[in-house]
Novice: 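Quick one: this structure, given as structure tokens, is what I'll be asking you about.
So you know, we letter chains A, B, ... as the sequences are listed, proteins then strands, and number each from 1.
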Number of protein chains: 2
Amino acid sequence: MTCPEELDPTLLLTPRACQVVDAARTVLERQGWETLTMRTLADELGIAAPSLYKHFSSKDALKTQLVALALKENGEALRPVTTVSRLVRRYRETATANPQLYRLSTSGPIDRAALPPGLEEWSGSPFFEATGDPHRGQALWASAHGMVILELDGRFPTGSAPESTWRELVRHFS
Amino acid sequence: MTCPEELDPTLLLTPRACQVVDAARTVLERQGWETLTMRTLADELGIAAPSLYKHFSSKDALKTQLVALALKENGEALRPVTTVSRLVRRYRETATANPQLYRLSTSGPIDRAALPPGLEEWSGSPFFEATGDPHRGQALWASAHGMVILELDGRFPTGSAPESTWRELVRHFS
DNA sequence: GTCTATACCAAGATAGAC
DNA sequence: GTCTATCTTGGTATAGAC
């Protein structure tokens, strides 16, 4: 299920800028955001670091594009909406397949003014559709996020969350 | 309810080192971990930055002490264990009262080898005691964490999570 | 346990030529 | 759109005197 055109962040970028975002994503998944520097990103592209500033005014502007990309892909991965069980499974799979992008886009404050208006809401609305209730949807989203982020950060004693814990969570919201 | 002596991280520190940790906590809550530098910490104490290295071998060692302190205080705040509802309320209150310390101690990987053995487990065990089941306890903990961290990061559209969403979560686990 | 002085490094970003 | 050269800042950490 694809993102509506008016929400798609990539449509505002030049083709070259899209390539830069792609490379940034590669580096991000390889080494994390703190060690993604303008220099390592430039190396990945085979260009010099200052050249990046022809495409993005700052590292922060680049981050915004990555966050927008994550919201778009996440919203797409969660559609079409069927059951709570399937929704949670897809949420987990998407996050696990792109751990650093997930962490980047869900941790810390978000610069809403810099995102396409409506994109963030569109990305999360499957939770409301699946539960049929705003508060249930919000609680389910928060719970799934908690599970995912603790799993990505290796916070469960066993390393990852046992399937039975995931089942328990789904059961409570079904 | 106080932490068992053999788990208490502060008992291994000199009095002066404890003061340094205290000051670090103050600076942490004021400005966050990324902008807590050895220089700003030294300023807070009224000493020069290099003097800190007489008490802690690195910034990372200091971080470990802060994480241990958070685990200790969290475990204390959650005891004695009564109901799921009360547990969740105290979890939320403690986190909200110490937002940066909470974020520091729950985000990213944790250096378990550097912590007093058993402290992390002791801190989290109220969730198992309150639910009476390992998987339910784990799911409840993850859900509460998701709610708290999204709230601290301003990720809910309204800024903070509505009380009704918290009620919804508690209801599912009661 | 504190100081001063300093080494060392890496980051983001700008200027201006090509 | 790319380059080279460079600026500026600010971090962790060490050496050695007091």
Novice: Centre-to-centre under 6.0 Å for B:Phe173 and B:Trp141, is that the case here?
Specialist: no
Novice: Within this structure, what is the CG-to-C1' distance between A:Asp60 and C:dA11, rounded to whole angstrom?
Specialist: 14 Å
Novice: So what does A:Thr37 touch, heavy atoms closer than 4.0 Å: a base, only the sugar-phosphate, or nothing?
Specialist: sugar-phosphate
Novice: Please work out if A:Arg16 contacts a base, only the sugar-phosphate, or nothing of the nucleic acid, heavy-atom cut-off 4.0 Å.
Specialist: sugar-phosphate
Novice: Does a salt bridge link A:Glu163 with A:Arg167, judged by any charged N lying under 4.0 Å from a carboxylate O?
Specialist: no
Novice: Does a side-chain N or O of A:Ser51 approach OP1 or OP2 of D:dG1 to a distance below 4.0 Å, or not?
Specialist: no
Novice: Drop me the distance from B:Ser125's OG to B:Glu120's CD, to the nearest 0.5 angstrom.
Specialist: 11.0 Å
Novice: Picking from D:dG1, C:dC3, D:dT12, which would you name as closest to the side chain of B:Ala48?
Specialist: C:dC3
Novice: Give a yes or no on whether a salt bridge exists between A:Lys63 and A:Asp111, defined as a side-chain N under 4.0 angstrom from a carboxylate O.
Specialist: no
Novice: Tell me: CG of A:Leu52 to P of C:dA15, nearest whole Å?
Specialist: 17 Å
Novice: Using whole Å, report how far CG of B:Leu62 lies from P of D:dG11.
Specialist: 15 Å
Novice: Could you check how far CG of B:Leu13 sits from C1' of C:dG1, rounded to whole Å?
Specialist: 16 Å
Novice: NA contact type, B:Lys59, heavy-atom cut-off 4.0 Å: base, sugar-phosphate, or nothing?
Specialist: sugar-phosphate
Novice: Write down the distance between CE (A:Met38) and C1' (C:dT14), rounded to a whole number of angstrom.
Specialist: 12 Å
Novice: Starting at atom CG of B:Leu41, determine the distance to atom C1' of D:dT12, rounded to an integer number of angstrom.
Specialist: 13 Å
Novice: Expressed as a whole number of angstroms, how long is the span from A:Arg39:CZ to D:dT6:C1'?
Specialist: 11 Å
Novice: Tell me the interatomic distance from A:Phe56, atom CZ, to D:dG1, atom C1', rounded to whole angstroms.
Specialist: 14 Å
Novice: With a distance cut-off below 6.0 Å to the six-membered ring centre and an angular limit of 45° from the axis, does B:Lys59 pair with B:Trp33 as a cation-pi contact?
Specialist: yes
Novice: In terms of the nearest nucleotide of DNA chain C, which residue is placed more toward the 5' end: B:Thr14 or A:Pro50?
Specialist: B:Thr14
